[in-house]
Amino acid sequence: MAEIIANSLRFHVQRLPRADTGGEAGARVVFLHGLVVDNLSSFYCTLAVPAARAGHDVVLYDLRGHGRTERPASGYDTATAVRDLTALLGALGLDEHPVHLVGNSFGGTLALHTALARPDLVAGLILIEAPLSGPWIENMLDTLSVAALDLEGSQVPRELASLGARKAARLTATADELLNRTTLIDDIAAGRPFAARDFARVRCPVLAVCGEHSELAAGARELARHAPDCTVRVVPGLGHDVLQGGTAELQRAVLDRLAEAVRRQPEAVTV
């Protein structure tokens, strides 16, 4: 575990030792998790460790206010999140060559925003169940607002702790802090959805993975219609639970894409 100061904030960062595969060096890969109850641990066994074992240089971090990262009262808009990420890459010495961003749910949205704002830093995108188009902002706000009301003044974290469910208690307490004591909901409300013109500006290769029954699949297909190089992979039988419910297939898709990137652009991804 490491604490890195970036954009005037203390971030919890994990950088995994990559395996020596005896061949060419792997890709630099940064994992971006989802909102509120999520943190870097959701990637650890599902994708991060397998990627490191395949020889890739893997970085995970808890987003602003999440997990073990510092939780300020404000700064939860996507522009600030992009600045957080770019500053973190600089602090880690990873801003000299483009990196591959793997984002789950809102982490995928952040990854795409980063590719648009700083195309020089992004070699490729892997977006897992990312909200990209349609009324996703309104839907997310509805969900978060209901959760905020349920948690305000709730004794659930204390009750979970008393029952020995420390992890659940910690996640619930974090959600309460984020939703009721920061500007997260207001900052998301102030954002705007992506448009076709945004998708058309994406210059790096994109792999968009979504569940067969996910309401976000339409956004992935719209991205593929407009982005110059985007592949959509649909996981049968799943909805918005691809990371946990379709781990094996997702691992294959991610590792195949990273291996392909190393073959195609070795000068950009060597470590």
Side-chain angles (χ1 to χ4, degrees), residues 1-14 30-44 46 60-88 101-114 128-132 135-162 165-193 216 240-241 243-244:
M1 181 178 76
E3 292 184 348
I4 303 292
I5 302 298
N7 200 19
S8 302
L9 201 70
R10 175 178 47 80
F11 286 89
H12 170 219
V13 181
Q14 295 274 357
V30 180
F31 288 88
L32 307 171
H33 64 74
L35 283 178
V36 185
V37 295
D38 207 358
N39 55 56
L40 66 77
S41 67
S42 65
F43 282 120
Y44 199 83
T46 53
L60 309 97
Y61 74 101
D62 288 330
L63 299 180
R64 171 181 293 249
H66 294 71
R68 298 174 186 263
T69 287
E70 190 176 353
R71 188 173 304 120
S74 61
Y76 296 89
D77 56 285
T78 52
T80 301
V82 170
R83 289 195 295 271
D84 287 346
L85 173 55
T86 56
L88 190 61
L101 300 179
V102 181
N104 180 55
S105 193
F106 183 78
T109 304
L110 170 56
L112 184 54
H113 274 292
T114 305
I128 306 163
E129 276 296 305
L132 298 175
W136 71 266
I137 290 180
E138 292 84 353
N139 294 342
M140 185 177 293
L141 287 172
D142 289 344
T143 299
L144 295 179
S145 297
V146 170
L149 289 172
D150 289 342
L151 287 169
E152 180 138 33
S154 172
Q155 297 302 308
V156 170
R158 186 176 302 174
E159 292 169 0
L160 288 170
S162 70
R166 289 177 292 180
K167 181 178 179 181
R170 185 171 63 250
L171 290 175
T172 305
T174 297
D176 183 26
E177 290 284 335
L178 278 168
L179 295 174
N180 289 309
R181 294 167 183 81
T182 76
T183 61
L184 184 144
I185 291 178
D186 290 339
D187 289 345
I188 291 176
R192 69 167 182 86
L216 302 177
H240 192 57
D241 57 342
L243 182 60
Q244 300 299 331

Enter the distance from [X]:[atom1] to [Y]:[atom2] here, rounded to the nearest 0.5 Å.
| X | Y | atom1 | atom2 | value |
| --- | --- | --- | --- | --- |
| Arg64 | Glu70 | CZ | CD | 8.5 Å |
| Leu85 | His113 | CG | NE2 | 12.5 Å |
| Leu32 | Asn104 | CG | CG | 10.0 Å |
| Leu35 | Leu179 | CG | CG | 9.0 Å |
| Ile137 | Asp142 | CD1 | CG | 12.0 Å |
| His240 | Ile128 | NE2 | CD1 | 10.5 Å |

Fill in: With sequence neighbours excluded, residues passing side chain to side chain contact (heavy atoms under 4.5 Å, CB included) with Thr183
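Side chain to side chain contact (heavy atoms under 4.5 Å, CB included) check on Thr183 returns Ser74, Tyr76, Asp187.
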Search all heavy atoms of [X] against all heavy atoms of [Y] and return the closest pair with its distance.
| X | Y | value |
| --- | --- | --- |
| Leu63 | Gly34 | CD1-O, 4.3 Å |
| Gly65 | Pro72 | N-CD, 4.5 Å |
| Pro131 | Phe106 | CD-N, 4.0 Å |
| Thr46 | Ser42 | OG1-O, 2.8 Å |

Practice prompt. Evaluate side-chain hydrogen bond (donor to acceptor under 3.5 Å, both in side chains) for Asn7 paired with Asp84, printing each intermediate quantity in order.
Written response: CA-CA 6 Å; Asn7 200 19; Asp84 287 346; 2.7 Å; yes
Practice prompt. Using the six-membered ring wherever Trp is involved, compare the ring planes of Phe11 and Tyr61 and label them parallel, tilted or perpendicular (cut-offs 30° and 60°).
Written response: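 Perpendicular: the ring planes of Phe11 and Tyr61 meet at over 60°.
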Discussion item. By the definition side-chain contact (heavy atoms from CB on, under 4.5 Å), identify the one residue from Val13, Leu40, Thr174, Asp38 that meets it with Asp62.
Written reply: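 Exactly one option meets the side-chain contact (heavy atoms from CB on, under 4.5 Å) with Asp62, and it is Leu40.
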Item to complete: I would like to know whether His66 and Leu178 meet side chain to side chain contact (heavy atoms under 4.5 Å, CB included); could you show each step before the answer?
Response: CA-CA 8 Å; His66 294 71; Leu178 278 168; 3.6 Å; yes
Practice prompt. Dump the intermediate steps for side-chain hydrogen bond (donor to acceptor under 3.5 Å, both in side chains) on Thr80 and Arg83, then the final yes or no.
Written response: CA-CA 5 Å; Thr80 301; Arg83 289 195 295 271; 3.0 Å; yes
Discussion item. Tell me which pairs pass salt bridge (Lys or Arg N to Asp or Glu O under 4.0 Å) where either residue lies in residues 5-14, with sequence neighbours left out.
Written reply: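 Only Glu3-Arg10 qualify under salt bridge (Lys or Arg N to Asp or Glu O under 4.0 Å).
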Worksheet item: Are the side chain of Thr69 and the backbone of His12 linked by a donor-acceptor contact shorter than 3.5 Å?
Response: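 Flag set: sc Thr69 to bb His12 pair under 3.5 Å.
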